[in-house]
Amino acid sequence: MVGAGEVRAFIRRFAELIAEHKDELTALDAAIGDADHGTNMDRGLQAALERLPGEGATPADLLKAVAMALISKVGGASGPLYGTAFLRAAAAAGSKTTLEPADVAALFRAALAGIQERGKATTGEKTMVDAFAPAVEALEGKLGQGAGLGEALQAALEAARKGSDSTIPLVATKGRASYLGERARGHRDPGSLSTVLLFQAAAETLGGAGGATAGA
Amino acid sequence: MVGAGEVRAFIRRFAELIAEHKDELTALDAAIGDADHGTNMDRGLQAALERLPGEGATPADLLKAVAMALISKVGGASGPLYGTAFLRAAAAAGSKTTLEPADVAALFRAALAGIQERGKATTGEKTMVDAFAPAVEALEGKLGQGAGLGEALQAALEAARKGSDSTIPLVATKGRASYLGERARGHRDPGSLSTVLLFQAAAETLGGAGGATAGA
Amino acid sequence: MKKLINRVEAVVDEATEGMGLAHPDLVRVNREPRFVARADAPVQGKVALISGGGSGHEPLHGGYVGRGMLDAACPGEVFTSPVPDQMVEAAKAVHGGAGVLFIVKNYTGDVMNFELAAELLQAEGIEVRSVLVADDVAVENSLYTAGRRGVGGTVFVEKIAGAAAEAGASLDEVERIARKVSENSRSMGMALTSCTVPAKGSPTFELAEDEMEIGIGIHGEPGRERMKLRSADEITEMLAGPVIEDLGLKAGEQVIAMVNGMGGTPLMELYIVYRKLAGILQQRGIQVARNLVGNYITSLEMQGCSITLLRADEELIRLWDAPVHTPALRWGV
Amino acid sequence: MKKLINRVEAVVDEATEGMGLAHPDLVRVNREPRFVARADAPVQGKVALISGGGSGHEPLHGGYVGRGMLDAACPGEVFTSPVPDQMVEAAKAVHGGAGVLFIVKNYTGDVMNFELAAELLQAEGIEVRSVLVADDVAVENSLYTAGRRGVGGTVFVEKIAGAAAEAGASLDEVERIARKVSENSRSMGMALTSCTVPAKGSPTFELAEDEMEIGIGIHGEPGRERMKLRSADEITEMLAGPVIEDLGLKAGEQVIAMVNGMGGTPLMELYIVYRKLAGILQQRGIQVARNLVGNYITSLEMQGCSITLLRADEELIRLWDAPVHTPALRWGV
Ligand SMILES: Nc1ncnc2c1ncn2[C@@H]1O[C@H](COP(=O)(O)OP(=O)(O)O)[C@@H](O)[C@H]1O
Ligand SMILES: Nc1ncnc2c1ncn2[C@@H]1O[C@H](COP(=O)(O)OP(=O)(O)O)[C@@H](O)[C@H]1O
Ligand SMILES: [Mg+2]
Ligand SMILES: [Mg+2]
Ligand SMILES: [Mg+2]
Ligand SMILES: [Mg+2]
């Protein structure tokens, strides 16, 4: 089961993974965007870590703190998008202090809905949605088949990875990469990689015993 | 003896040599000046060729045309300096239609005086004067010893070359190179090389039979 | 990376602070959250114009704060749109009770952050409208893209809508004018060199010594096409042609024209481009009513230029000529 | 070489022509010989101010032709001083019967060409005086050099002497003011990158990725010293220190300050430098009465900056504030 401790570990691990992949994310953005996705996400998540509420905070409190940090520190497209995602996840978590596997799935579903409302992208437009949507579907699918949360999150991560890979041959129709037309082909969408990292953090920290490398 | 034909050949050859060494002159100026000496001199001498008066012109007419072209086309330090030199040479030639060796020497002496009046440089300041002054002295010296004009001009050329070499280790106290202080050491003064070319043109065209490669 | 900076993280704060120190009579800099406001704001009864966007486009937007132009500018990190907090606090600081107009360059990030800010301000009872600038003809229409980028036309919208607001026009009227300018502006840009985002430390793209990018934006994004370097006259034709076509300019019409440098281009070269542009327009019977030649909306130290044309009528020219007094644009005062 | 140009030989002519096309209300361009004159010249009874020099420093000098500043500017080839013909014809075209003042940057070539022009004009009965600008503290005094170079102080001399002339001052008086400004101005500059003279086609010097030149002039000459790159604050100290020392500025004095870009430096970086300069001056009790931050006297596309300070008093500030209307400097109009 997922409590505030796991959510906190998830947030820490996401921040850690973004920091580790900061240059890679920025390099991807340099190829088809404006060379700031890694810097943006890192700035936002570092701010989130500073603002995380202490003992007694609910999962929703923690997720909302991340949302507000991302909205008020990132700027760019990814700030409002991930910010809205965390805000919707917080709303879905409500006042619960522990989350069942189905709650976790609902939370990611709400996050995806937030991203799509804010950004108006569907899959195939070469954005983070291409990783996020299949990941949420895999998570729900696996849980529906009776798998444990750990296994389901692992499947979500793999789906996110595949989804991110699927952006490589695409032409973009949303975000900055859309300005490039055909020239965007052959490059991975940077936002789809940060989404992979989000699901990696989730798989490592929210999946119970399976989450071996849960945050420091 | 030197008539208008030889003077015309001298001017043509000087222009030709400058054109050939244009990039080298500019490269020298790039090291300790502002990268335009070759372009400047070439622009001026091409203009001079266009303006050269035709048949019936005296040596003075020809020299004056070069002076006016240099003054009105070169700009920079070298324009007024060489312009004044040719103007004074024209004045020294007066209305003569042929010039004796002593007249030729007087003409170069007048040119040097013009450069020094306009630019206020003496030898050792890392300028064209370092090539021009010893060349004129060598010319006068050789003629004084009874040598022919060809031999004397050859000596002048060698003195100019030595004089130009002597600028290499110097710190400059006139012209742009003076701004560099110690950093000017180790570089040849570009104006001293254009002066060498002037004496090379003279040796090849004004020295009588010795002037083998006289102009096209 | 060679830049006159101290720490990479402090670039925008220090530059904004420097602008405040240089122009204390014109602007006031707020640090947390970061915005640049008119020194005499709020001007009671006047519609407040607020713009903003990623930094690195200076003088846009901070340099256009002052009498007859913007009431506030919100500088984001380099090439990153500002966050909603900035627009919210700026609006609270400068609005004079007659409503707020956001001038937003059409980029996903800018649009979403200004949208969030507008939602927050409406919730506090401050009326906010937004006008998008989307003038870059290098981008296909929004069926295939996030929509055209906002580039040079932004300068025209800020100047002309600013003049309307200064003259006391209502929010409806200022919005109408801003839209009119936005809809009648088109731009296209090119790059000879890339630029280096301080936080990244190396050039965003690489161009060979004989290559150029045509159809670039203002964020060091690669353009639509890379091609061999051409002469200034040919480049000017490649930029001006699509702009004129897309605007559908006809003989007898008037324009306000801008030849804009990308930050690292000598003025001499911009005048060479303007020379050709003037020739092209004259040949087509299009009259240049007013013009700007210089660095007005840049991409850090990028070398290159853009051309912007605004179809102008008497109303727009009158507002263009109205006094303006900002750090970067000044006349009539 | 990457430049927005057509033919190397046509660069200066085409840029000058472009400037004329962009500002027909302010200037008139003469082609043979090349000069830029005030559109309303000759102004009868007014002292005519004429300057000139190598091109590549735009907006200097052509951008400063107009009401309250220069009557004519004579652009030479890139980094090459103009020829006497240009000054002679310009003077004949713009002098209004009250004499001519040449404003000459102290370079051997400029000095000699203006000298020749003055001799020719005097012979025609036109009274000509010359004021040398020699404000670059990076150069040792004239015992060891051709004398200090004329750099940023030139902008101040042209503005302030221009205001005096516009106000109807006599030749004696305009000359006195110009000398006063020249004697009270000091500058120092630095480069992060070299620049490429079109006719040469490759950079004048090479700087490693972690090097800079301190004490450069405005012709792409190497400076007095090459050193490792430092922070903007340290660089500002290295430039401002010698300028303040050499002027002997004391607490309580006032200055007009300029942070000038060399052509390829983003405005953002210039404001970072200005921020530090303002701090240094404040700490010493020196008051900045007025300032300029931007590209005012450049070296083609060079990246770098220079700092110029002018010791100012009420007379100079009053003339500084007087209306000016030129392509590059405008206020009060
Ligand atoms: N409309 C959109 N919907 C979903 N995701 C988007 C949209 N636009 C952009 N993105 C995502 O945002 C990422 C870029 O984020 P970032 O570089 O931080 O912002 P910016 O593009 O403003 O510089 C893209 O890689 C893409 O995944
Ligand atoms: N005062 C002077 N007297 C004599 N020669 C000089 C003087 N100043 C400069 N020169 C010569 O002029 C040359 C430079 O000419 P050039 O590059 O054409 O002009 P500029 O220095 O104006 O660019 C120098 O190499 C030097 O030989
Ligand atoms: Mg980005
Ligand atoms: Mg030179
Ligand atoms: Mg961005
Ligand atoms: Mg020169």
Side-chain angles (χ1 to χ4, degrees), chain C residues 1-7 11-12 14-19 21-23 55-56 58-59 63 78 192-193 207 209-210 212 229 231-233 235-236 259 263-276 278-279 288 291 293-295 298 300-301 303-305 327-328 330-333, chain D residues 1-7 11-12 14-19 21-23 55-56 58-59 63 78 192-193 207 209-210 212 229 231-233 235-236 259 263-276 278-279 288 291 293-295 298 300-301 303-305 327-328 330-333:
Chain C
M1 175 175 56
K2 286 185 144 178
K3 291 183 186 292
L4 290 167
I5 61 175
N6 294 303
R7 286 169 312 109
V11 165
V12 179
E14 293 187 356
T16 311
E17 193 184 330
M19 198 184 76
L21 289 165
H23 306 285
S55 291
E58 290 67 29
V78 173
L192 293 173
T193 63
L207 272 177
E209 197 36 45
D210 63 343
M212 63 177 181
L229 195 56
S231 73
D233 283 358
I235 290 169
T236 306
V259 171
T265 318
L267 188 54
M268 182 186 244
E269 297 177 28
L270 299 179
Y271 276 129
I272 291 176
V273 171
Y274 185 79
R275 171 183 168 277
K276 179 65 182 178
V288 181
N291 69 78
V293 181
N295 291 322
T298 61
L300 296 170
E301 77 284 6
Q303 287 183 42
C305 71
R330 179 174 181 178
W331 56 74
V333 194
Chain D
M1 175 174 56
K2 286 186 142 178
K3 290 182 187 290
L4 291 167
I5 61 176
N6 294 303
R7 287 170 310 111
V11 165
V12 178
E14 292 187 355
T16 310
E17 192 183 331
M19 198 184 76
L21 289 166
H23 306 285
S55 291
E58 290 67 29
V78 173
L192 292 173
T193 62
L207 271 177
E209 197 34 46
D210 63 342
M212 61 177 182
L229 196 55
S231 72
D233 283 358
I235 290 169
T236 307
V259 171
T265 317
L267 188 52
M268 183 187 243
E269 297 178 26
L270 299 180
Y271 277 129
I272 291 177
V273 171
Y274 185 78
R275 172 183 169 276
K276 179 65 181 178
V288 181
N291 69 79
V293 181
N295 291 323
T298 61
L300 296 169
E301 77 285 8
Q303 286 183 44
C305 71
R330 177 173 182 178
W331 56 74
V333 195

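Every chain is numbered from 1 and lettered A, B, ... according to where its sequence line falls, protein lines coming before strand lines.
With a 4.5 angstrom heavy-atom cutoff, D:Glu14 touches chain C via backbone and side-chain atoms both. For C:Glu301, the parts lying near chain D are the backbone and the side chain together; criterion is any non-hydrogen pair under 4.5 Å. Contact of D:Val288 with chain C is not made at all, since no heavy-atom distance falls under 4.5 Å. Residue contact with chain C, scored on non-hydrogen atoms closer than 4.5 Å, involves the side chain of D:Ile235 exclusively. For chain C, the nearby part of D:Ala278 is the side chain; its heavy atoms alone come within less than 4.5 Å. Heavy atoms of C:Val273 lying under 4.5 Å from chain D belong exclusively to its side chain.
Looking only at heavy-atom pairs under 4.5 Å with chain C, the residue among D:Thr236, D:Ile272, D:Thr265 that has the most is D:Ile272. Ranked by heavy-atom pairs under 4.5 Å with chain C, the list D:Met212, D:Met19, D:Arg7, D:Glu269 is led by D:Glu269. By number of non-hydrogen pairs under 4.5 angstrom with chain D, the leading residue of C:Asn295, C:Asp233, C:Val293 is C:Asp233. With chain D as partner, the option from C:Leu270, C:Val259, C:Val78, C:Leu207 having the largest number of non-hydrogen pairs under 4.5 angstrom is C:Leu207. Chosen from D:Ala232, D:Gly294, D:Pro59, D:Gly304, the residue pairing most often with chain C at heavy-atom distances under 4.5 Å is D:Ala232. Contact count versus chain C (heavy atoms, under 4.5 Å) is highest, among D:Leu192, D:Thr193, D:Thr298, for D:Leu192. Chosen from D:Pro327, D:Gly63, D:Gly263, the residue pairing most often with chain C at heavy-atom distances under 4.5 Å is D:Gly263. Ranked by heavy-atom pairs under 4.5 Å with chain D, the list C:Thr16, C:Leu4, C:Leu300 is led by C:Leu4.
We find the CG-NZ distance between D:Leu229 and C:Lys3 to be 11.5 Å, quoted to the nearest 0.5 Å. Atom CD of residue D:Glu58 and atom OH of residue C:Tyr271 lie 9.5 Å apart, to the nearest 0.5 angstrom.
No side-chain N or O of D:Tyr274 forms a donor-acceptor pair with one of C:His23 less than 3.5 Å apart.
A donor-acceptor pair under 3.5 Å is formed between the side chain of C:Asn291 and the backbone N or O of D:Ala22. A donor-acceptor pair under 3.5 Å links the side-chain atoms of D:Glu209 to the main chain of C:Met1, judged by distance alone.
Side-chain atoms of C:Arg330 and D:Arg330, non-hydrogen and from C-beta on, never get closer than 4.5 Å to each other. Counting heavy atoms from C-beta on, the side chains of C:Ser231 and D:Ile5 never come closer than 4.5 Å.
Closest heavy-atom contact between C:Met268 and D:Ser55: CE-CB, 3.7 Å.
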For this session: Check step by step if side chain to side chain contact (heavy atoms under 4.5 Å, CB included) holds for C:Lys2 and D:Asp210.
Result: CA-CA 7 Å; C:Lys2 286 185 144 178; D:Asp210 63 342; over 6 Å; no

